[in-house]
Structure formats: C-alpha cells, structure tokens
Amino acid sequence: MKIVRIHNELLGTYGDRGNGDVLAYRASLAGINASVIDITYRDAIPHDGDIYLLGGAEDAAQILSCNALSGGALHGAVEKGAVVLAICAGFQILGKSYFAHGQEQRGLGLLNMVTVPGPDRYVGDIKIHSELLGIDLTGFENHGGKTILGAGTESFGRVKVGSGNGDGGVDGAISGNIFGTYLHGPILARNPEFADLLLSRAHGAPVKVSDPLADRYAALRREVVK
Ligand code: GLN
C-alpha cells in the first residue's frame, strides 16, 4: 500500500504528518505491506498512490502547496478511487475557493465547498460525532477560515465541542473516498477507528487492528474533551 504524504514541508505546521505514521504502523499490524512516501512541492505527485495525505498550514505555505497541486495530479488519483485525508489548510484547498492573506484564492475544486474568513480564529479542543463510524472523534482545531458546504456535499461529523466548519454545527466534508476535516491531533493517532476505515477503503477489504494502547488513549481523550 502506497501512502503519499503531500508537501509536509509546507503542510506540516500542526504535526499532521503523524497520520501517515499511524496508517503505516496499523497497516503493518494488519499484515499489509505499506510505505509512506514524502512528496515535496518541487516533486510531481505520483498517480499510483492508495492514500494521499494533506495537513494543516499557515496561509503562505497553504497557497504554495495549492499552486503546486493545481496541475491536476490529485484529480487523477481521485478519479482512480484513491483515498484522500485532508486536514484544515489541506481540507480548505480541496474546495472551490479559500481565503489566505485576506484574499480569495482558487482551490482545487475536488470538493463542492468554499472557505471564507470567519469572525474570529477558531482555536481549541474539538469533538465531533461521526455517523459513518458511529463514534465520537476528538482533536484540536486552529483556523481562521469558515467552510460552507455546497449542495450535495456531506459533512464529516456533527460538532459536539468546538467550531468545526465554523458555526459549531458540522465539521469537514466527505465525498466518495475524500475525507476533509479540521481535526488535528494527529486525528488518526487520537481516533484509531478512523485510521482503520481509511485502510479498509484503500485495501478494498475490512481492516480492523488490535492496538489496546491506542484504544485507551482515544478513550481518554474522548472523556476529557467536553
Ligand atoms: N491557514 C488556514 C486558516 O487559518 C488553515 C490553518 C490550519 O491549517 N490550521 O484557516
């Protein structure tokens, strides 16, 4: 299984690189041969990845990363059914447009949504309920953008604590195998069930890893974020 970590030198501000490490570790526990490939913004994005990861970033890095992706490589992978996990800035650039440095920027258009400046910066712990997983997920958020989902775009979860897409109503977006969310943490370290869902989608068969330590950590975070 090929896990492609996109532009960690730009999209690495919030430690989301850990999502790749969690996926590779859990894949190995499940007996799946997986490797993480780091792609810098000077490199071409491979078309044959199984999972693509984008993390959070400050505005300047977010623009650089989005521009480097505008050639359409990610579109090709998505058309082939690849799994995409995009966090915060990475999530915003998948939409039709986003704001950075006070200016509207053109996004990649992979998700029908726009991101506009919010009234304040959204910073703090966040807990959402995922219908897809049937559980609560926790993380932390730190963003100025407020995301408005377009018609037909499903949210990733319902916000129980925090702001999510901006109004405290819903967080993130799902479209096919694309998952976008505001949860840092890294989200897959704090919510191992979600890692297994992504691995299952990429593997084409259910993956359920036993890692009691990760489960205990996830349970602890779900208890304290309220
Ligand atoms: N620069 C974006 C914002 O502030 C994303 C921040 C992030 O990725 N944490 O909205």
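First listed ligand is number 1; within each ligand, the first listed atom is number 1. Both backbone and side-chain heavy atoms feed into the values below; hydrogens, waters and symmetry mates do not.
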Mark the output for Glu141 as yes if a heavy-atom distance to ligand 1 is under 4.0 Å, and as no if none is.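 Distance cut 4.0 Å: Glu141 fails for ligand 1.
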Heavy-atom proximity to atom 5 (C) of ligand 1, best of Gly56, Gly145, Ala60, Ala57: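 Minimum heavy-atom distance to atom 5 (C) of ligand 1 goes to Ala57.
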Using a strict 4.0 Å cut-off to heavy atoms of [X], name the atoms of ligand 1 that fall inside it.
{"X": "Gly144", "value": "3 (C), 4 (O), 10 (O)"}
{"X": "Asn142", "value": "6 (C), 7 (C), 9 (N)"}
{"X": "His143", "value": "3 (C), 4 (O), 10 (O)"}
{"X": "Ala89", "value": "5 (C), 7 (C), 8 (O)"}
{"X": "Arg121", "value": "4 (O)"}
{"X": "His184", "value": "9 (N)"}

Using a 6.0 Å cut-off, check whether atom [atom1] of [X] has over 12 heavy atoms from anything other than its own residue.
{"X": "Asn33", "atom1": "CG", "result": "no"}
{"X": "Arg121", "atom1": "CZ", "result": "yes"}
{"X": "Phe99", "atom1": "CZ", "result": "yes"}

Test side-chain hydrogen bond (donor to acceptor under 3.5 Å, both in side chains), reference Asp136, set Arg158, Lys160, Arg222, output is Lys160
Test ring pair (Phe, Tyr, Trp, His ring centres under 6.0 Å) on Tyr122 and Tyr182 and set out the steps. CA-CA 10 Å; Tyr122 307 106; Tyr182 276 106; 7.8 Å; no
[atom] [closest protein heavy-atom partner, distance rounded to 0.1 Å]:
{"atom": "atom 7 (C) of ligand 1", "answer": "Cys88 SG, 2.8 Å"}
{"atom": "atom 2 (C) of ligand 1", "answer": "Gln62 OE1, 3.4 Å"}
{"atom": "atom 1 (N) of ligand 1", "answer": "Asp59 OD1, 2.7 Å"}

Does the ring center of Phe91 lie less than 6.0 Å from the ring center of Phe156?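 No, they do not, as the ring centres are separated by 6.0 Å or more.
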Between Tyr41 and His7, what is the ring plane arrangement, given parallel below 30°, perpendicular above 60°, and tilted in between?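 It falls in the perpendicular class, over 60°.
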Walk me through it: do Glu141 and Tyr14 pass the test side chain to side chain donor-acceptor pair (under 3.5 Å)? CA-CA 9 Å; Glu141 59 183 330; Tyr14 298 84; over 6 Å; no
